[in-house]
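This report refers to the structure that appears directly beneath it.
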Amino acid sequence: MAAPKRGRSASAQSKPGRTLALILIAIVALTGGMFLSGHTTPRLGIDLAGGTSITLEAKADQGSAINKANMDTAVDIMNRRVNGLGVSEAEVQTQGDRNIIVNIPKGTNSKEARDQVGTTAKLYFRPVLAQEATGPAAATSPSPSASGSSKASPSPSASKSGSTGEKATSSSSPSASTSPQGRAVSDALKADATPSASASASSSASPSAPASTAPSAAEAKLQAQYTALDCSKKAQRNTAGDGAKPGDTTVGCGESSGVWYKYLLGPAAVDGTEVKKAQAVFDTQTAAGWQVTMTFNSKGAKKFADITGQLAKNTQPQNEFGIVLDGEVVSSPYVSSSITGGNAQISGSFTQDEAQNLANMLSYGALPLSFQEQSVTTVTAALGGDQLHAGLLAGAIGLLLVVIYLVAYYRGLSLVAMASLLVSGILTYVLMALLGPAIGFALNLPAVCGAIVAIGITADSFIVYFERIRDEIREGRSLRPAVERAWPRARRTILVSDFVSFLAAAVLFIVTVGKVQGFAFTLGLTTVLDVVVVFFFTKPLMTLLARRTFFASGSKWSGLDPKSLGAKPPLRRTRRPAAPAHTKEA
């Protein structure tokens, strides 16, 4: 039998040129993607590039007290709304007992953030008692519906998939559009008091019939408020329903096809806090466009089934329920039968951004307090620019000192280290530029510090590998086997060291907020890149250089001179002495 071959290991027989080509192709592809996207520089945080600062003042008008617990809850919800993944560097913090400061960096859609950050996102499902188009377009409006294309229905998997549908545009309605407003509101309030009889009450109502009983003071006030409401005027619709509690009958406004409608709404039947999940989806089956699907918890599902079952017995518009978000009727679908299953949809000609914003606010929950915008100011980046200049100068000085040390101590090997640092720097820059538009990453001063710290982490990995190679040479081995034998030992040390650094970065990212997360994110990113560069660039490059005479011969300028390293005599394999031959005796 032939003895097994001994010699080069599998790693030595690999193709380092192919590995280097792959990582260079990846760098070119990422760089090309950066230029194609148009984002050739990292997005800067508010402390470097300026941005918008919003001051919000808490108002105790929702039955909740202004205390530390509610303020902290509001900060947490706002932070999740504007930060998303936590790396967009928007800062949300309390100031005093009643104010919250929100700092939004330049490059973020500040208008969209302003719309989301202080929105209470109070969602209620209220029965519609009366409705009427208002404003100049009211006379030409084809339908007394606030949302003619809106629809609330179970999900496709629900058993009652056809329980609701589009609103009839020619159906009669006991609203102010077909009878005097005072009479309509009075009948609607009576119907609200006796839901089960609302259909008969509305059908028996006549414009000439006298009121059976005089309205109470509260009803009279609500009648006057509904009669005077003109939702085509922004000032009136912004204050419609202000101060109304969930159990109160109130008024509201909603828009459909450019026409504003006013509503008389009954007490809330389902609270938005009973929505377990909400997400934006695009309906490709019915061409309804973007919708927000909702899943209720068990309590909300039962309430929703009960109210839709009651409304289904009424005539329009009292068989409709208004989906009221922060006082505005975003949809008012009619109901033909009870909707069970705990699933529903909100549709109403949403754009993708509108649907996602609505789902975002519903998913993250309602603020425990309402907030009024006190001031919006633009933050300049003059101070941040000076700090960035100082930070970059410190990083450049640190990098120069590292290069000087590498050249003085490792000589020729310093070329490998500097090339690896260059590749790591290019990858870090390109990924930071791409992550800005992708996940909202913003480079702030702590993130710059994280990148500077990463220089030391990356250089440390090279030093570990170089020292392992030099140890093998001291043992008397030549360069090519020394490179391969040193790699497994250096690899374990590098992986353990980088794992500890990444674990620390992950813990910081999870338990902190704001700028510290920027430091943690950058540190974690550069630690992962360190592993990529060492495995796919430094090691293959060393394998190739070990085949070059300058390094393989142990030149004094290569940093691998056996004599300078105090190498032992070369290891040689000795043969066993042959046994003495015995002549055979005759």
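- For the salt bridge (Lys or Arg N to Asp or Glu O under 4.0 Å) test, no residue two or more places apart in sequence or in another chain qualifies with Lys233.
- Closest heavy-atom contact between Leu265 and Thr249: O-CG2, 3.1 Å.
- Every residue meeting the side-chain hydrogen bond (donor to acceptor under 3.5 Å, both in side chains) condition with Thr55, not counting sequence neighbours, appears here in chain and number order: Ser375.
- Not a single donor-acceptor pair under 3.5 Å links the side chain of Asp283 to the backbone N or O of Gln291.
- For Glu57, the side-chain hydrogen bond (donor to acceptor under 3.5 Å, both in side chains) partners at least two apart in sequence or on another chain are Gln374.
- When the side-chain hydrogen bond (donor to acceptor under 3.5 Å, both in side chains) test is applied to Glu328, no partner is found at least two apart in sequence or on another chain.
- Contact detail for Gly524 and Ala505: the closest heavy-atom pair is N-CB, 3.6 Å.
- Applying the disulfide bond (SG atoms under 2.5 Å apart) test to residues at least two apart or on different chains, the pairs with a partner in residues 233-269 are Cys231-Cys253.
- Residues meeting the salt bridge (Lys or Arg N to Asp or Glu O under 4.0 Å) test with Lys245, sequence neighbours left out: none.
- Taking the side chain as every heavy atom from C-beta outward, Thr295 and Thr293 never approach each other to under 4.5 Å.
- Within the 4.5 Å cutoff, no side-chain heavy atoms of Asp97 are placed close to those of Ile66.
- Considering all non-hydrogen atoms of both residues, Met294 and Val275 come closest at CB-CG1, 3.9 Å.
- To the nearest 0.5 Å, atoms CD1 (Ile100) and CE (Met78) are separated by 4.0 Å.
- In terms of heavy-atom proximity, Ala433 sits nearest to His39 at CB-O, 3.6 Å.
- Side chains of Val270 and Phe296 form a contact here, defined as non-hydrogen atoms less than 4.5 Å apart.
- The OG1 atom of Thr250 sits 12.0 Å away from the OH atom of Tyr226 when rounded to the nearest 0.5 Å.
- Counting heavy atoms from C-beta on, the side chains of Val292 and Gln279 never come closer than 4.5 Å.
- Summarising the geometry of Pro317 relative to Gln131, their closest heavy-atom pair is CB-NE2, 3.5 Å, with the distance given to 0.1 Å.
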Discussion item. Pair Ser232, Asp230 - check side chain to side chain donor-acceptor pair (under 3.5 Å), show working.
Written reply: CA-CA 5 Å; Ser232 64; Asp230 184 356; 2.6 Å; yes

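- Looking at heavy atoms from C-beta onward, Ser37 lies in side-chain contact with Leu434 at the 4.5 angstrom threshold.
- With rounding to the nearest 0.5 Å, the separation of CG in Leu264 from CD in Glu132 is 11.5 Å.
- Among residues two or more places apart in sequence or in another chain, the ring-ring contact (aromatic ring centres under 6.0 Å, His included) test is passed with Tyr429 by none.
- For the pair Leu525 and Thr522, the minimum side-chain heavy-atom distance is 4.5 Å or more.
- Taking the salt bridge (Lys or Arg N to Asp or Glu O under 4.0 Å) definition, one finds that Asp306 meets it with Lys302, sequence neighbours left out.
- With sequence neighbours excluded, the residues that form a side-chain contact (heavy atoms from CB on, under 4.5 Å) with Pro246 are Tyr124, Ala268.
- Interatomic distance, Thr40 OG1 to Phe35 CZ, rounded to the nearest 0.5 Å: 6.5 Å.
- Remark: Asp72 engages Lys68 in a salt bridge (Lys or Arg N to Asp or Glu O under 4.0 Å) (not counting sequence neighbours).
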Check the pair Glu320 / Leu311 against side-chain contact (heavy atoms from CB on, under 4.5 Å), numbers first and verdict last. CA-CA 7 Å; Glu320 302 172 9; Leu311 295 178; over 6 Å; no

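- When all heavy atoms are compared, the tightest approach of Gly252 to Leu229 is O-CD2, 4.1 Å.
- Counting only heavy atoms from C-beta outward, the side chains of Arg43 and Phe441 never approach each other to under 4.5 Å.
- Take Ala520 and apply the side-chain contact (heavy atoms from CB on, under 4.5 Å) test, not counting sequence neighbours, and it matches Leu508, Phe509.
- Between the side chain of Glu274 and the backbone N or O of Asp271, at least one donor-acceptor pair lies under 3.5 Å.
- Side-chain contact between Ile323 and Val329 is absent, with no heavy atoms from C-beta onward closer than 4.5 Å.
- Distance check, rounded to the nearest 0.5 Å: CZ of Phe321 to CD of Gln310 gives 13.0 Å.
- Residues satisfying the side-chain hydrogen bond (donor to acceptor under 3.5 Å, both in side chains) criterion with Gln95, sequence neighbours excluded, are absent altogether.
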Apply side-chain contact (heavy atoms from CB on, under 4.5 Å) to the pair Met432 and Leu443, showing each step before the final yes or no. CA-CA 8 Å; Met432 284 183 176; Leu443 186 67; 3.9 Å; yes

Go through it in stages, so that I can follow the logic: the residues are Phe521 and Leu435, the test is side-chain contact (heavy atoms from CB on, under 4.5 Å), and I'd like the CA-CA distance, side-chain angles, deciding distance and then a yes or no.
CA-CA 11 Å; Phe521 183 83; Leu435 289 176; 3.8 Å; yes

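- Under the 6.0 Å distance and 45° angle rule, Lys59 does not count as a cation-pi partner of Phe371.
- Atom CD1 of Ile101 is separated from atom OG1 of Thr94 by 9.0 Å, given to the nearest 0.5 angstrom.
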